[in-house]
J.: 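Before I ask anything, let me first share the structure, which is written out below as structure tokens.
The first residue of the sequence shown is numbered 1, and numbering continues consecutively from there.
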Amino acid sequence: SESYQYVFSAGSAGSAGDAISIAKFAVTGEIYTWDGGTSHRTGTNVTSNSWNNIVVTHTGTERKVYLNGSLIGTFTSGNLNLNSTNVIGSYFNSNYWINGKISNFQIWNTALPETGTDSVETLYNNGVPLTTAIASDNLKLWAKLDNTATFSTNWSIPDASGNGNTGTSSGMTEQNLVNNNVSVLNGESSGMTSANLVLSDLSRSLPYGDGYSFNFDQPSNDYIDCGN
């Protein structure tokens with residue numbers, strides 16, 4: 001059977017409505033959402049080596065999935081009954097880790113409409129990620145996954161929503177922050193002076209958003225625990 005990779009999960013296995021998640025099948029890249037009882041498959045695959053904006057909403061017993069601002073699936077589930085921590089990068093019990101980069105992750109306590117103020121359209125923003133705060137009491141977590149995070153033994157991921165839901169990484173090193181400029185590959189020159197340092201015209205393509213993201217490495221079992 002095909003393995004799974006979870007971008008986010010909250011809740012537990014049980015009945016419909018006991019979980020909410022964003023996930024994909026590892027081989028095909030097909031997007032689905034697990035609700036605690038059923039994997040609701042969208043029939044739509046993420047594009048490899050490209051940034052994808054994915055939104056999952058849940059109202060009553062209806063769950064919807066959007067990709068890059070467009071609706072790709074509507075499903076019947078159960079009323080939400082979540083009882084476990086919010087996890088970025090893996091299944092709730094630290095399994096089925098994602099292999100890829102994640103940036104600008106948000107949790108809302110209301111189902112977003114497709115268009116209008118504070119909507120799926122707002123978050124997609126024509127493919128240009130939002131960088132300033134959203135003035136809404138319904139935004140409960142905004143993990144930008146950028147250089148506002150700090151590293152000691154693990155990464156501490158601040159909550160840009162202002163609600164103090166700080167995330168803590170597991171399995172990550174300083175190198176997991178993309179565009180970090182931190183390197184363990186240090187070298188020592190021989191026979192050089194300061195005159196050897198010259199300006200470079202090299203350029204590079206920056207990752208999603210403000211140039212930062214977190215790289216989730218499946219073999220290292222990387223994930224971020226954002227609490228309840």
J.: Would you give the length of the straight line joining atom CE of M172 to atom OG1 of T153, rounded to the nearest 0.5 angstrom?
T.: 15.0 Å

J.: For D225 and T85, which I'm curious about, is there any donor-acceptor pair between the side chains at under 3.5 Å?
T.: yes

J.: Quick check against the 3.5 Å criterion: does S220 have a side-chain atom that pairs as donor or acceptor with the backbone of D222?
T.: no

J.: Is a side-chain donor or acceptor of T61 paired with a backbone partner of S77 at a separation under 3.5 angstrom?
T.: no

J.: Would you say the side-chain atoms of T110 and N138 include a donor-acceptor pair closer than 3.5 Å?
T.: no

J.: Applying side-chain hydrogen bond (donor to acceptor under 3.5 Å, both in side chains) between T33 and each of R63, H58, R41, report the one that passes.
T.: R63

J.: Who are the side chain to side chain donor-acceptor pair (under 3.5 Å) partners of T57, not counting sequence neighbours?
T.: none

J.: Are side-chain N/O atoms of Q175 and T173 paired as donor and acceptor at under 3.5 Å?
T.: yes

J.: At what distance, to the nearest 0.5 angstrom, does NZ of K144 lie from OG of S213?
T.: 14.5 Å

J.: Would you say the side chain of F214 lies within less than 4.5 Å of the side chain of I157, judging by non-hydrogen atoms?
T.: yes

J.: Indicate yes or no for a side-chain donor-acceptor contact from T28 to the backbone of N45 under 3.5 Å, with no hydrogens or angles considered.
T.: no

J.: Using modelled atom types and a 3.5 Å cut-off, is there a donor and acceptor pairing between side-chain atoms of Q5 and backbone atoms of A26?
T.: no

J.: Counting only N and O atoms by type, is there a donor-acceptor contact under 3.5 Å from the side chain of T166 to the main-chain atoms of C226?
T.: no

J.: Rounded at 0.5 Å granularity, tell me how far CD1 in I224 sits from OG in S170.
T.: 10.0 Å

J.: Is a side-chain donor-acceptor pair under 3.5 Å present for S12 with N83?
T.: yes

J.: For N104 and W142, test the side chains for any donor-to-acceptor distance below 3.5 angstrom and give the result as yes or no.
T.: yes

J.: Strictly by modelled atom types, are W34 and Y91 linked by a side-chain donor-acceptor pair under 3.5 Å?
T.: yes

J.: For T38 and H40, indicate whether the former's side chain and the latter's backbone hold a donor-acceptor pair under 3.5 Å.
T.: no

J.: Please check this pair: side chain of D159 against backbone of S161, looking for a donor-acceptor N/O pair closer than 3.5 Å.
T.: yes

J.: Any chance you could measure D217, atom CG, to K101, atom NZ, to the nearest 0.5 Å?
T.: 10.0 Å

J.: Check for a donor-acceptor pair, side chain of S152 on one end and backbone N or O of N154 on the other, with a separation under 3.5 Å.
T.: no

J.: To the nearest 0.5 Å, what is the distance between CG on N176 and CG on N215?
T.: 6.0 Å

J.: Mind running side chain to side chain contact (heavy atoms under 4.5 Å, CB included) on V65 and I31 for me, showing each step along the way?
T.: CA-CA 9 Å; V65 182; I31 301 167; 4.1 Å; yes

J.: Quick one about N228 and N86 (side-chain donor to acceptor, distance below 3.5 Å, no hydrogens or angles considered), yes or no?
T.: no

J.: Would you compute the distance between atom OG of S3 and atom CH2 of W97 and round it to the nearest 0.5 angstrom?
T.: 11.5 Å

J.: Once ring pair (Phe, Tyr, Trp, His ring centres under 6.0 Å) is applied, do any residues pair with F8, and if so which ones, sequence neighbours excluded?
T.: F105

J.: Using the rule ring-ring contact (aromatic ring centres under 6.0 Å, His included), only one of Y32, Y4, F25 pairs with Y96; which is it?
T.: Y4

